[in-house]
Each structure stands twice: as structure tokens, then as C-alpha cells.
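To find a chain, count down the sequence lines: A is the first, B the second, and so on, and within it residues start at 1.
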Amino acid sequence: MTVITRFAPSPTGFLHIGGARTALFNWLYARHYGGKFLLRIEDTDRARSTSEAVQAIFDGLDWLELGHDGEAVFQSAGAERHAALAHQLLAAGKAYHCWCSPEELSEMREKARAEGRPMRYDRRWRDRDPAEAPPDIAPVIRFKAPTDGETVIEDLVQGPVRVANEQLDDMILLRSDGTPTYMLSVVVDDHDMQVSHAIRGDDHLTNAARQTQLFLALDWQPPQYAHIPLIHGSDGAKLSKRHGALAVGAYAQMGVLAQAMCNYLLRLGWSHGDDEIISREQAIEWFELASIGRSPARFDMDKLISLNGSYIRQAEDGGLISLLQPLLADLLEKAPDEAQLQRLEILLPGLKPRAKNLLEMAENALFLFLQRPLTLDEKSAKLITPESRVMMAELLTELEALEDWSETGLETLVRGFADSHSLKMGKVAQPLRASMTGKTISPSIFDVMISLGREESLGRLSDIAAQTP
RNA sequence: GACCCCUUCGUCUAGAGGUUAGGACACCACUCUUUCAAGGUGGAGACACGGGUUCAAUUCCCGUAGGGGUCGCCA
């Protein structure tokens, strides 16, 4: 059997990390078995669906590099077929008209709640004579669900889950305006798209029982279900706006790499022994539903960021530079030129281990792009004293005579300079760093000077040394 | 409230009857060192509780407690 999975978000909000993980798991499962990964936009609630949200879903999946097979399916496009099936069920006696108004239903629920009874539809129109229908109300079509026995879902993550059929109510298939509900549409679409495995959040677990009954009523085979636990906020509560940035795009903007995001999401609820850093290829090879945990996981920003740092360190220079360019252009308010980019490329190995996200990295690299003379920040300005100016002036003279502008050349010279003045390296390196970067923190000062190049380095140093009072 | 699911360090997790209960993040020390990181070494830190089953339970079963989810003409 060919494995066909699908990601079926509703475009009523942005793609959040829970949805992203669901997409990732479906994608990995399909890839692992050489199957297909389909995308279906569940827009049957046309009032709440927006094209911005649809775009956000596409963008999010794009960023995570979770491409789908074939064209994305818009659920609303199948409305006619969905409605036809509802009428077919009606004709077969497996569904019925219900003339309850929304007001009547909420009254019913209120009363049930007050009396401590289950808040389900009481099936009042199931066996009632349609002749009694009120003339002013357009009816809905409800599913005539079995009232006894039980429905068992052989869930690939949760194991067998048994639900007594009396717990399930007669769900609405077709609204009073004739449009199909989600419950009907998923069943029809999963069947039509030949979905073999439905991997989704476990908030759908009870829906799986309802949907299974619908599949049976239609004489169809339900897909295999795998309900994965939800992701919670750091406080253990359901993930919500309170927890801050939730759309995957927000993480991208924070300078998180897509690979880090995927790796983090993968490890949230899934594991492969003690492995932590897992490449896309390994993930495809190792992924299986059996190793998904059954308990909900909390979102931990620290771990995401730590993972991000590790992916930044591993990242290829070229890719990093192209990700950094727009950020730098933003900070500089103009695009960096070739020569400046050259400096960035040279310093990249020194920059990588010092940044946890791309934004931080761009900020750390910013000094490379600044025009002389540099404005020193508060801390580094304090390092420039009358004494250190004199020292920098002397050092400048020695550096000007240096022929070997390399790490060893520079280090030998500066160390020798410090020794001959009976100074610790730090005493010399810090003012030097301030002169080169305008900051007290940077990659190795020698790497910085190499990246800046001889001319710029000497220029920056003379800017400081020349100010001797 | 009813039904369903869950419970190993603070967090993510390994474990699938007998382990000094392992790893990662965070934390603390030390180390490296021109700053800051990164790296290296070490440390502290967990089987929710109560009953069973068993020679032996973190592991199997049943309760309790706690957490989560679902009960829409939303998806």
C-alpha cells in the first residue's frame, strides 16, 4: 500500500509551531515510506478563512522546506460533492433533517449543563415526523449515528482507543444553507485523496471516532490514524497568544534557521535514542510513528535557540551570507557592497560560534561595514585613555612596518609588543579591539584585522592614535 | 459535568522486569583564553502517590491525585 499523508490546516490563523510539527511529521512519514505528502486547505468555513492565512501557510511550509506533492487542494472546491454525499446518506436513511434553530440548540445545551447531563444534541428530530417541521426554519442534515456499541480507533500513536457510541452525537453534515461541515468534508476528502495515514493533533482524537462511523456509513475504509500530543506553552497551558511569537514566520524573523526549527520540532515528542542533532536525511531514515511519545510537550525557547546556535556553527558560509545580507541591509539602511561582503566572508568562522541567531550575528558583524571614523560604544570608549592612545600610536608604527599581515604575523608582533612593554596581552588587545570594532567584544582581534585588511585596520587604528592630546 | 488521553531531573527525552536510571537544554564550578562566545572536564538535579502481580518493579495491572483534550450550523 502506498503511504499517502496530508497536512490539513484551516486558514483561519497563521501557521503556528503545532501545525508546523504536524506538517513535519506527515512529511517525514511520507518520505520515509516513499509515499506522498498532500496539502489540503480546510476552508469550509468561508467566513473565517482568509487569503492572508492561506499565504502564511504556504510561506511557512516553504520556509521549513516541507514541499507537498501535487497541487494544494482547497476543501471548499469539493463542496458540491460533499453535499451530494450528504443527500445520498439522507436517501439511504443514514441521515435526517433537523429543524432546530441555533437558539433552540444553545438552549438545549444550557439546560443539559444546568441539569448536569451531557451537553449533546438530544436527537429530537431523529425519529420525528418531518410533517411537524416549522415552516420558517431551514433544516440541517444530521448524521444518524449508531446509538449502541462502541467505536474502536487503532491509533498508531495512542494505541487502541475505545469510545462508546452513545457518547457521540448526531453531528451536522450539511448546514441549513446547504454547505458541508468540516466533519463531512474531511471524511470525503480523505477518501477521495486516498489518504492512508492521518497524522494530526490529538485534539482530533474524539473526532476520529465520529469520522470512522461516517466512513463506515459511506462503505469506505477509514485511514490509519495517528494522534500526536499537543505542544504546550512553557507554563504547561495550551499554547496561545500569551506565549508570544507563535507563527513560524516570527521565528524566521528572530533569526532562527529553518533546519534548527525542524530539528527542534522533531525532538518535541519524537526521539531516536540519545540523538539530538538530526539532519533531514537522518530524520527521513529514522522517522516512525512508534517512537512518538504520548504525553504533551512544553515549548522551550532556550533549547530551540541552543539548537539554532549549533546549526549556525555548522552552516555553510554561502548560505549564511545570503541570509545575513538582507538583515545587514536593514541595519545599515543600504545594501552592503562586494568589498564589505568579502570582509564578512573572511570573518565568518569567527562570527559563527558567537551568535545564537542570525540577527545577533548581523549585529556582531556590523562593525565590518561601518565607515571610518568609528563611533566607539560606551564601554570601549573607556578603554581609550591618554596612555592607551600613546600605546596605540606606537603599535601603529610597528604595524605599519609589518610585512606579514597574517594571523601569525600579527600575533607575533602584538605579543612581542606587549612583552617589550611588560604588558599583558589584554592590556594591548582591548584598546586595539576598541579601535578596530568600536566595541569590547568581537571575534579574535587578529581575525578581525585580517578581515578588515591592512589598509582599513591601520586607518582605524590611526583614527584613535591620531587623537593624542 | 460527561467522555477520551497523559504522568522519568526545571524543560525535551532514553529506558520496554534485574541499569551506579543515560543524553540534551538551562544552571553551577573548573579549564582554554586578547574580550565574548564556542570547545573541553566535572557537579547538582527525576521515575506523582497508593495498592497489587512477581524472587524482583521506573517498566505490567488497578485506583488516587494532577495535567491536557473534546463535547459548535469552527476546523
Query raised in the report: Distance between the P atoms of B:A48 and B:U59, in whole angstroms?
Result: 8 Å

Requested in this report: May I ask you to verify if any side-chain N or O of A:Arg415 is less than 4.0 angstrom from the OP1 or OP2 atom of B:U34?
Outcome: yes

Query raised in the report: How many Å lie between CG on A:Asp155 and C1' on B:G69, as a whole number?
Result: 13 Å

Report task. Give none if B:G66 has no partner; otherwise give the nucleotide forming a Watson-Crick or G-U wobble pair with it, both distances under 3.5 Å. Result -> B:C6

Query raised in the report: Has the side chain of A:Arg120 got a donor or acceptor that lies under 3.5 Å from a partner of the other kind on the base of B:C71?
Result: no

Report task. Decide yes or no, distance alone: a donor-acceptor N/O pair under 3.5 angstrom between the base of B:A75 and the side-chain of A:Asp43. Result -> no

Report summary line: Residue pair A:Ile137/A:Ser444 against RNA chain B: nearer the 5' end by closest nucleotide is A:Ser444

Query raised in the report: Less than 4.0 Å between a side-chain N and a carboxylate O, is that true for A:Arg120 and A:Glu166?
Result: no

Query raised in the report: Salt-bridged, A:Asp169 to A:Arg142, with N to O below 4.0 Å?
Result: no

Report task. Please state whether the rings of A:Trp270 and A:His272 are parallel, tilted or perpendicular, taking 30° and 60° as the class boundaries. Result -> parallel

Query raised in the report: B:U13 and B:U58: how far apart are their C1' atoms, nearest whole angstrom?
Result: 14 Å

Query raised in the report: When you measure from the side chain of A:Leu105, which nucleotide among B:C6, B:C73, B:G23 comes out closest?
Result: B:C73

**Report entry** Pairwise C1' distance, B:G23 and B:A14 [rounded to whole Å]
**Finding:** 7 Å

Query raised in the report: For atom C1', what is the distance between B:G18 and B:A57, given to the nearest Å?
Result: 9 Å

Report task. Any strand is fair game: report the nucleotide pairing with B:A37 by Watson-Crick or G-U wobble, both distances under 3.5 Å, or none. Result -> none

Query raised in the report: Taking the same atom, C1', in B:A65 and in B:C27, what whole-Å distance lies between them?
Result: 30 Å

Query raised in the report: Should we say atom NZ of A:Lys427 is surrounded by more than 12 heavy atoms from elsewhere, each under 6.0 Å from it?
Result: no

**Report entry** Separation of atom CD in A:Glu411 from atom P in B:U35, rounded to whole Å
**Finding:** 12 Å

**Report entry** B:A16 and B:U70, which share atom name P, separated by this distance in whole Å
**Finding:** 34 Å

Query raised in the report: Out of B:C4, B:U70, B:C6, which has the shortest distance to the side chain of A:Arg294?
Result: B:C6

Report task. For B:U8 versus B:G66, give the span between their C1' atoms, rounded off to a whole number of Å. Result -> 16 Å

Query raised in the report: Is there a side-chain polar atom (N or O) of A:Ser176 under 4.0 Å from OP1 or OP2 of B:C73?
Result: no

Requested in this report: May I ask you to decide if the ring planes of A:Tyr264 and A:Phe299 are parallel, tilted or perpendicular, using 30° and 60° as cut-offs?
Outcome: perpendicular

Report summary line: Quick note, A:Arg354 side chain, CB onward, closest among B:A75, B:A24, B:A37 is B:A37

Query raised in the report: Does A:Asp274 get its side chain close enough to the base of B:G22, under 3.5 Å, for a donor-acceptor pair?
Result: yes

Report task. For A:Leu432, answer base if it contacts any base atom (sugar-phosphate contacts may also be present), sugar-phosphate if it contacts only those atoms, and nothing otherwise; contact means non-hydrogen atoms under 4.0 Å. Result -> nothing

**Report entry** Interatomic distance, A:Met301 CE vs B:C27 C1' [rounded to whole Å]
**Finding:** 19 Å

Report task. Quickly work out the A:Glu103 CD to B:G72 P distance and round it to whole Å. Result -> 16 Å

Query - Residue A:Met425, side-chain heavy atoms: nucleotide from B:U34, B:G69, B:U7 that is nearest - result: B:U34

Report task. Name the pairing partner of B:A57, where a pair is Watson-Crick or G-U wobble with both distances under 3.5 Å, or state none. Result -> none

Query raised in the report: In terms of side-chain heavy atoms of A:Arg313, which of B:A38, B:G68, B:C25 is nearest?
Result: B:A38

Query raised in the report: If you measure from the Lys or Arg side-chain nitrogens to the Asp or Glu carboxylate oxygens, is any gap between A:Asp275 and A:Arg267 under 4.0 Å?
Result: no

Query raised in the report: Could you state the CZ-P distance from A:Phe299 to B:G10, rounded to the nearest angstrom?
Result: 21 Å

Requested in this report: State which of B:U34, B:U11, B:U70 makes the closest approach to the side chain of A:Arg298.
Outcome: B:U11

Report task. Answer with yes or no whether A:Ser442 presents, from its side chain, a donor or acceptor under 3.5 Å of a partner atom in the base of B:U35. Result -> no

Query raised in the report: Within this structure, what is the CG-to-P distance between A:Asp300 and B:C9, rounded to whole angstrom?
Result: 14 Å

Report summary line: The nucleotide from B:A2, B:U35, B:U70 with an atom nearest the side chain of A:Ile441 is B:U35

Query raised in the report: Which listed nucleotide (B:C73, B:C12, B:A38) is nearest to the side chain of A:Arg267?
Result: B:C12

Report summary line: Of A:Gln167 and A:His272, the one whose nearest nucleotide on RNA chain B sits closer to the 5' end is A:Gln167

**Report entry** Watson-Crick or G-U wobble mate for B:C32, both contacts under 3.5 Å
**Finding:** none

Query raised in the report: Distance between the P atoms of B:C5 and B:G42, in whole angstroms?
Result: 44 Å

Query raised in the report: OP1 or OP2 of B:U13 less than 4.0 angstrom from a side-chain nitrogen or oxygen of A:Lys303, does that happen here?
Result: no

Query raised in the report: Charged N to carboxylate O under 4.0 angstrom, A:Asp189 versus A:Arg6?
Result: no

Query raised in the report: CG of A:Asp302 versus P of B:C27: gap in Å, rounded?
Result: 7 Å

**Report entry** Residue A:Asp45, side-chain atoms from C-beta onward, closest of B:A75, B:A38, B:C25
**Finding:** B:A75

**Report entry** Any A:Arg109 side-chain nitrogen or oxygen under 4.0 Å from OP1 or OP2 of B:G72
**Finding:** yes

Query raised in the report: Is the aromatic ring of A:His227 within stacking range of B:G69, meaning centres under 5.5 angstrom and planes under 30 degrees?
Result: no

Report task. Provide, to the nearest angstrom, the distance between the CZ atom belonging to A:Phe367 and the P atom belonging to B:U35. Result -> 16 Å

Query raised in the report: A:Asp170 and A:Trp125: side chain to side chain contact (heavy atoms under 4.5 Å, CB included), yes or no, with the steps?
Result: CA-CA 10 Å; A:Asp170 291 351; A:Trp125 281 98; over 6 Å; no

**Report entry** Among B:A75, B:U34, B:A37, the nucleotide that comes nearest once only the side chain of A:Tyr182 is considered
**Finding:** B:A75

Query raised in the report: Under 4.0 Å between a Lys/Arg side-chain N and an Asp/Glu carboxylate O for A:Glu456 and A:Arg460?
Result: yes

